[in-house]
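Inspection log for the structure reproduced underneath, given as structure tokens.
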Amino acid sequence: MPRSLYKGFFCVENLRNSIYKLHMNGGPQKQVRPIRVYSRSSIIMPEFIGYKFEIHNGMDFVNVAIQDTMVGHRFGEFAFTRKFPRFPEKSVHPAIAAAMKAKSAAKGKKD
């Protein structure tokens, strides 16, 4: 269920204050280090465009540069909390690989 319109968008006040301070000191060009964000449920505001953030995913921080297409989404959408298991490549026995190579070479001679 979406948040009521009269309440406005959810964004942690400390995050807004840190963006305001950076904006007064020169904007995204003068940003020395990324802003660390623990609040994954905060909405990305238009004022955040161009700034760099480190979003906590439960274990470590993920670096994200905010673009205009990200406005209105939540920070948590850009820092995955689960690691996709990489399946090991299938290893083929050398004898089977040689047989497959011979078979494909035989097909090539027939055509």
Side-chain angles (χ1 to χ4, degrees):
M1 191 162 148
R3 186 173 166 91
S4 298
L5 289 177
Y6 76 90
K7 292 181 181 179
F9 297 113
F10 174 75
C11 187
V12 177
E13 197 64 33
N14 292 342
L15 185 60
R16 281 185 171 173
N17 291 341
S18 61
I19 289 292
Y20 179 74
K21 287 176 188 174
L22 279 173
H23 190 67
M24 289 296 149
N25 292 332
Q29 295 82 14
K30 298 273 183 162
Q31 186 180 9
V32 177
R33 59 189 168 102
I35 301 167
R36 286 198 163 189
V37 178
Y38 287 92
S39 174
R40 297 168 49 84
S41 58
S42 292
I43 300 280
I44 297 174
M45 302 287 189
E47 297 89 33
F48 299 170
I49 295 174
Y51 290 98
K52 293 179 183 130
F53 291 90
E54 287 184 341
I55 305 168
H56 195 253
N57 69 353
M59 190 167 143
D60 52 357
F61 290 91
V62 178
N63 289 325
V64 175
I66 302 299
Q67 301 169 356
D68 58 346
T69 56
M70 297 178 179
V71 173
H73 292 271
R74 298 183 185 273
F75 280 109
E77 295 180 40
F78 303 104
F80 298 116
T81 56
R82 294 184 176 96
K83 211 183 261 189
F84 179 73
R86 302 221 175 179
F87 301 108
E89 290 189 26
K90 219 177 207 181
S91 60
V92 180
H93 193 273
I96 296 173
M100 289 171 51
K101 189 181 273 187
K103 189 175 183 180
S104 64
K107 278 187 180 180
K109 287 183 182 179
K110 287 182 181 178
D111 293 335

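Positions are given from 1, in the same order as the sequence printed here.
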If you compare all heavy atoms of Val62 against all heavy atoms of Phe78, which two are closest, and at what distance to 0.1 Å?
CG1-O, 4.2 Å

Same cluster (ILVMFWY, side-chain, under 4.5 Å), Phe61 and Leu15:
no

Look at the side chain of Glu47 and the backbone N and O of Ile19, then say whether any donor-acceptor pair between them is shorter than 3.5 Å.
no

Looking at every non-hydrogen atom in both residues, tell me the closest pair between Pro28 and Gly50 and how far apart they are.
CB-O, 3.4 Å

Linking I/L/V/M/F/W/Y whenever their side-chain heavy atoms sit closer than 4.5 Å, directly or via other members, would Phe80 and Phe75 fall into one cluster?
no

Taking all heavy atoms of Cys11 and all of Ser42, pick out the closest pair and write down the distance.
CA-OG, 3.9 Å

Counting only heavy atoms from other residues, nucleotides and ligands, does the tally under 6.0 Å from CZ of Phe10 exceed 12?
yes

Under 3.5 Å, is there a donor-acceptor pair between the side chain of Arg74 and the main chain of Ser41?
yes

Around atom NE2 of His23, are there more than 12 heavy atoms from other residues, nucleotides or ligands closer than 6.0 Å?
no

Do Phe48 and Phe53 have ring centres separated by under 6.0 Å?
yes

Atom CE of Met70 and atom CD of Gln67: how far apart are they, to the nearest 0.5 Å?
4.5 Å

How long is the straight-line distance from CD1 of Ile49 back to OG1 of Thr69, given to the nearest 0.5 Å?
8.5 Å

dist Gln31:CD -> Leu22:CG (nearest 0.5 Å) comes out at 5.5 Å

Assign the ring pair His56 / Tyr38 to parallel, tilted or perpendicular, where the plane angle (0 to 90°) is split at 30° and 60°.
tilted

Treating Ile, Leu, Val, Met, Phe, Trp and Tyr as nodes and any side-chain heavy-atom pair under 4.5 angstrom as an edge, say whether Val37 and Tyr20 lie in one connected cluster.
no

Nearest 0.5 Å, what's the CD1-CD1 distance between Ile55 and Ile66?
5.5 Å

Arg40 side-chain N/O to Ala79 backbone N/O, donor-acceptor pair under 3.5 Å
yes

Considering all heavy atoms of both residues, which atom of Asn63 and which atom of Glu54 are nearest to each other, and what is their separation?
OD1-CG, 3.0 Å

